[in-house]
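All remarks here apply to the structure that follows.
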Amino acid sequence: DQQVKQNSPSLSVQEGRISILNCDYTNSMFDYFLWYKKYPAEGPTFLISISSIKDKNEDGRFTVFLNKSAKHLSLHIVPSQPGDSAVYFCAASEGSNYQLIWGAGTKLIIKP
Amino acid sequence: ETGVTQTPRHLVMGMTNKKSLKCEQHLGHNAMYWYKQSAKKPLELMFVYNFKEQTENNSVPSRFSPECPNSSHLFLHLHTLQPEDSALYLCASSQGEGYNEQFFGPGTRLTVL
């Protein structure tokens, strides 16, 4: 059973608008969450993270929101740019365990 | 070289061949990982090494054999693979326990005929 779920396989957004990518998890012991971005023929690259002691973390155009009661996190990209077209993975970890549990990814397509 | 490098980038092999994938990290990290990525699936963790010691083997078939001679190098030896083993194999590294951010190599696209 998948502990981290990204229910939208793909998302299409107009350039300049907000992109919202969602991630749900089932393990209440997860306390650290990360978003990775992956271009074709490249490995995933770290984008932004959030600890469970926070409910929001912002880095430039990227903001991650965490709702612990709903076991839900989201990544907001504002404004969306063509270079943001990629597959976005959500990942989670528990305590001092440095291993990550991954979602299946959401393919984001930014339309010009 | 910087970051995490993987060779070869592409590999086509028959079911009876033996080949090896190589990963090298230039980040001074202590933990290294092998992942398998199949289309539209989560990244599947295969093996974890921390300070050269294998700490995780996620029920991976014995036709995949990892080797970690030092904390900078990681190999994945392949033999008698099946067509369903065709996938992107990713290597990653991290500082180790207490540090969650992993740095990935570009991957090896493996095709088993």
Considering residues, nucleotides and ligands other than A:R61, do more than 12 of their heavy atoms fall under 6.0 Å from its CZ?
-> yes
Can you tell me if NZ on A:K54 sees more than 12 non-hydrogen neighbours from other groups inside 6.0 Å?
-> no
Options A:P9, A:P44, A:G103, A:S49, ranked by heavy-atom pairs under 4.5 Å with chain B, top entry | A:P44
Value for CG (B:L78) from CG (B:N17), rounded to nearest 0.5 Å, stands at 10.0 Å
Which bit of B:L43 comes within less than 4.5 Å of chain A, counting heavy atoms only: side chain, backbone, both or neither?
-> both
Let me know if A:L100 has heavy atoms under 4.5 Å from chain B in its side chain, its backbone, both or neither.
-> both
Contact class of A:K38 relative to chain B, heavy atoms under 4.5 angstrom = side chain
Hey, is the main chain of A:G83 close enough, under 3.5 Å, to the side chain of A:Y39 for a donor-acceptor pair?
-> yes
Does any N or O in the side chain of A:Q6 come within less than 3.5 Å of the main-chain N or O of A:C90, such that one atom is a donor and the other an acceptor?
-> yes
Chain A interface, residue from B:R109, B:Q6, B:Q102 that has the most non-hydrogen pairs under 4.5 Å | B:Q102
